[in-house]
Visitor: 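Here it is, the structure, as structure tokens.
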Amino acid sequence: MKSRVPVSQFGELLGYAPGNVAVYSSDYDTADETIYPNRSAYRSYLDGIYMGYKWQCVEFARRWMYLNHGYIFDDVAMAYDIFELRSVRDINNQTRLPLQAFRNGAKHHPVVGSLLIWEEGGEFEETGHVAVVVEVHQDKIRLAEQNVAHQLWPQDQQWCRELKAKVTKEGDYWIECSYSDATILGWMTQTEHSEFSEPTPEISTDLFAIKAQYATDYGQATKSWLNIANDDEAAYVEMMHGHKLTSVNADQHHYFTISKTAQQTIEHASNELHGLFMHATDYVLQHPELLKKFNLPDAVLNKIRQSWDNRLNQLITSRFDFALTPAGLKVYEYNCDSASCYMESGKVQGKWAKHFGVKTGIDAGHDLFKDLVRAWRKSEVNGLVHILQDDEPEEHYHALFMKEAIEAAGFECKVIIGLTDLHWDAAGNIVDADGEKLSYVWKTWSWETALDQIRLECEADQSQSDDFEPHWQSGKTPRLVDVLLRKNVMVFEPLWTLIPSNKAILPVLWSLFPNHPFLLNTAFDLNDELLQTGYVVKPIVGRCGANIQLVDEQQHVIEKTTGHFASQEQIYQQLFALPKVADYFVQICSFTAAGKYAGAGVRVDKSMIINGHSDCMALRISDDSYYSS
């Protein structure tokens, strides 16, 4: 039942939890833009340590722990992920202390300072929730928390909400959730005592192996199976010169499987890593000395900051590239400005499986299109969306696939090939051939393509060197930079994606989150540790696997590629080779929609380096029991 007490403005002090820890209103609708002018203003730090996003539940729980005990739990993508943690970090001596998880109904009762965790769903859709236990009784439990209600606490009261509790004859402690559509997972307590706690599952390394599979050949490859009445599928068939997922005719019946446990790990890693990359992006933008290492034109730095600060400039598509082996899951990079392979994984591999009669597991991309539609609905687009693409077959089917998602979200959409059909009107707006203004743009071009134009223009005109502004002339055709950097055009993906997509972010990530289980040791300069493990040399900006070298621990170059990015600055990343499965090296691609995991696929190659010619094949997710049998 909703409270009738007036809601406090965002950031207003609501009360104090034990330890004199302040609790603030998180009613975002009332946030004062003069106090919170940009994205960085919403980041909470204490003693230089990142606590979380103001004023969410996770931020309060971490800050309460730190102020009362001097330790914090690790960054998590969602509040419910806390239930999977098994340690906290003591800030003073950088040691680890055990954190035990107790399921609701456990015989080990919560104590003052325990963290109560809710599952995602219902009242806590997508994120779950965490609250701090401040009183424990036989019949009730009292909590301190942020981001549930936004009302002032009664004077001198150190809790904001009370839940009914019951202890059974056997000593089980049960807590009833006041929301009928929400579920309490249990509580986390920092203690050595593990009796009755949730076990830390020992996962067999076999579950992290990728398996090659073969669909029985009944002559399926000789028959058509994509519906060319659909524009995107027709464009795909034209580009591939037939109805096939992989370009190699001998491989038409081949596919790969991973276990459900591996898929869940990839999903968790994708969500968590997105948050880490966003944290690192903000950190880079706050440290000019680091930003210089990204080799971005000075003329666009202010615009990148403005893009980052604009919370409405949302992300639709991005892709993580992973190596999955029995030794673990490691991320190579984050393609935050790319929709490559979305159609293959979100549509084609599912249709391939149906046509070839594959019943093993489920399609790893079965939710991708639905999640893209949801991302567009949340994007706050309010009108016609123009898709801009180059005149290339691969870009064309990407564009048409995205057009289908945009239209499914309820928006009108046009695909524009090249820029010749665009022109400036008398008011300085960019309009299409029908005279319709470009206000929302999704592009297949990378931002780096536009930056190349900016670099050339700034070299010719020094007046542009500090803050680039597109020129316009009525009736003339605009350039790519004129469209993408126009103030009244919202571009997807936003300009700030240049930062996390640049490989210079990888050493920053390692410095901020050293020894993180999903990250690889990466540095701007070659060091002794990388020499001992072997390393990969990568240009900070590159595409399609160009200009990469793989060097082993004996300093032998075991693989290298050429390309157009040799002049770029380089980074050095720990060598963690792709697994070779059957005849191919296999890379896992994890796709996101609005920064959240939406599906997966694979890229394969006979080379150890995935490149622009590497094929996609179908990826299926099998039950662990089937996979380990």
Side-chain angles (χ1 to χ4, degrees), residues 213-257 316-317 319 338-377 385-387 389-417 442 444 589 591 593 598-604 614-621:
Q213 308 282 4
Y214 185 82
T216 304
D217 188 353
Y218 298 116
Q220 306 99 313
T222 63
K223 301 176 182 178
S224 299
W225 48 274
L226 287 163
N227 186 354
I228 60 171
N230 296 325
D231 291 341
D232 57 345
E233 294 178 58
Y236 177 84
V237 169
E238 182 178 356
M239 192 278 295
M240 292 293 290
H241 304 292
H243 293 249
K244 48 191 177 182
L245 178 54
T246 175
S247 63
V248 180
N249 289 330
D251 289 336
Q252 298 309 307
H253 292 78
H254 290 273
Y255 66 103
F256 295 91
T257 60
I316 301 295
T317 61
R319 186 188 82 242
S338 173
S340 178
C341 302
Y342 263 70
M343 181 171 169
E344 287 90 335
S345 297
K347 177 182 269 193
V348 181
Q349 72 177 5
K351 290 201 168 192
W352 174 90
K354 288 181 181 179
H355 177 74
F356 282 80
V358 173
K359 304 296 184 182
T360 303
I362 61 172
D363 172 20
H366 70 283
D367 285 333
L368 183 52
F369 182 81
K370 177 185 69 177
D371 289 341
L372 281 177
V373 172
R374 184 183 296 115
W376 279 110
R377 286 175 179 160
V385 180
H386 286 86
I387 292 180
Q389 64 153 103
D390 216 342
D391 190 11
E392 292 186 2
E394 185 175 353
E395 289 194 19
H396 193 47
Y397 73 77
H398 287 329
L400 291 171
F401 176 69
M402 189 58 68
K403 180 175 184 285
E404 186 177 344
I406 292 169
E407 290 175 339
F411 302 112
E412 185 183 357
C413 183
K414 284 185 178 181
V415 175
I416 306 293
I417 299 176
W442 186 83
T444 60
C589 298
F591 303 96
V602 295
R603 298 282 303 282
V604 304
S614 300
D615 266 319
C616 293
M617 287 193 189
L619 179 65
R620 310 284 293 178
I621 302 164

Visitor: Tell me, do His254 and Gln213 make a side-chain contact under 4.5 Å, heavy atoms counted?
Guide: no

Visitor: Does any part of the side chain of Glu394, heavy atoms only, come nearer than 4.5 Å to the side chain of Ser340, both counted from C-beta?
Guide: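 The answer is yes; the side chains approach within 4.5 Å.
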
Visitor: For Asn227 and Glu233, work out which heavy atoms get closest and say how close.
Guide: N-OE1, 2.8 Å

Visitor: If the condition is side-chain contact (heavy atoms from CB on, under 4.5 Å), which residues does Asn249 pass it with, not counting sequence neighbours?
Guide: Lys244, Gln252

Visitor: Under a 3.5 Å distance rule, please check whether Arg603 uses its side chain to pair with a backbone N or O of Met617 as donor and acceptor.
Guide: no

Visitor: So, does Ser345 use its side chain to make a donor-acceptor pair with the main chain of Tyr342 at under 3.5 Å?
Guide: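 Between the backbone of Tyr342 and the side chain of Ser345 there is no qualifying donor-acceptor contact (under 3.5 Å).
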
Visitor: Check whether Arg319 reaches the backbone of Phe591 with its side chain - one donor and one acceptor, N or O, closer than 3.5 Å.
Guide: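 A pair under 3.5 Å: no.
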
Visitor: Any side-chain heavy atom of Thr257 sitting closer than 4.5 Å to one from Leu619?
Guide: no

Visitor: Closest approach of Ala339 and Thr317, non-hydrogen atoms and distance?
Guide: CB-OG1, 3.9 Å

Visitor: In Å, rounded to the nearest 0.5 Å, how long is the span from CZ of Phe356 to NZ of Lys351?
Guide: 14.0 Å

Visitor: Tell me the closest heavy-atom pair linking Met239 and Pro393, and the distance in Å.
Guide: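 Shortest heavy-atom contact: CG-CB, 3.4 Å.
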
Visitor: Quick one: list whatever passes side-chain contact (heavy atoms from CB on, under 4.5 Å) with His243, sequence neighbours left out.
Guide: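 Only Ser224, Trp225, Leu226, Ile228, Val237 meet the side-chain contact (heavy atoms from CB on, under 4.5 Å) criterion with His243.
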
Visitor: Show every donor-acceptor pair shorter than 3.5 Å between a side-chain atom in residues 396-405 and any protein atom, with sequence neighbours excluded, or say none if there are none.
Guide:
| residue | atom | partner | partner atom | Å |
| --- | --- | --- | --- | --- |
| His396 | ND1 | Gln389 | OE1 | 2.7 |
| Tyr397 | OH | Glu344 | OE2 | 2.4 |
| Lys403 | NZ | Glu407 | OE2 | 2.7 |
| Glu404 | OE1 | Lys347 | NZ | 2.9 |

Visitor: Quick check: do Ile387 and Cys413 have side-chain heavy atoms less than 4.5 Å from each other?
Guide: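 Yes, close enough: below the 4.5 Å cut-off.
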
Visitor: Side chains of Val358 and Trp352: does their closest heavy-atom pair fall under 4.5 Å?
Guide: yes

Visitor: Among residues at least two apart in sequence or on other chains, which ones pass side-chain hydrogen bond (donor to acceptor under 3.5 Å, both in side chains) with His386?
Guide: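 By the side-chain hydrogen bond (donor to acceptor under 3.5 Å, both in side chains) rule, His386 matches Asp432.
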
Visitor: Quick one: are Gln220 and His253 in side-chain contact, heavy atoms under 4.5 Å?
Guide: yes

Visitor: Does Leu245 form a side chain to side chain contact (heavy atoms under 4.5 Å, CB included) with Tyr236? I'd like the steps, not just the answer.
Guide: CA-CA 10 Å; Leu245 178 54; Tyr236 177 84; 3.8 Å; yes

Visitor: Tell me if a side-chain donor or acceptor on Asn230 pairs with a main-chain N or O of Asp232 at a distance below 3.5 Å.
Guide: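 No, Asn230 side chain to Asp232 backbone: no donor-acceptor pair under 3.5 Å.
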
Visitor: Would you say the side chains of Asp615 and Ser247 form a donor-acceptor pair under 3.5 Å?
Guide: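 Short answer, yes.
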
Visitor: Answer yes or no: are there more than 12 heavy-atom neighbours, outside Glu392 itself, under 6.0 Å from its atom CD?
Guide: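 More than 12 within 6.0 Å, yes.
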
Visitor: Name all pairs fulfilling the salt bridge (Lys or Arg N to Asp or Glu O under 4.0 Å) condition that reach into residues 360-371, sequence neighbours left out, sorted by first residue then second.
Guide: Asp367-Lys370, Asp371-Arg374

Visitor: Is there side-chain contact between Trp442 and Trp376, with at least one heavy-atom pair below 4.5 Å?
Guide: yes

Visitor: How far apart are the closest heavy atoms of Ala408 and Val373, and which atoms are they?
Guide: CB-CG2, 3.7 Å

Visitor: Between atom SG of Cys616 and atom CE of Met343, what is the distance when rounded to the nearest 0.5 Å?
Guide: 11.5 Å

Visitor: Mark yes or no for whether Arg620, through its side chain, and Thr360, through its backbone, hold a donor-acceptor pair below 3.5 Å.
Guide: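 Yes; at least one donor-acceptor contact below 3.5 Å.
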
Visitor: How would you list, by chain and number, every residue that makes a ring pair (Phe, Tyr, Trp, His ring centres under 6.0 Å) with Tyr218, sequence neighbours excluded?
Guide: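 Counting only residues at least two positions away or on another chain, Tyr218 forms no ring pair (Phe, Tyr, Trp, His ring centres under 6.0 Å).
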
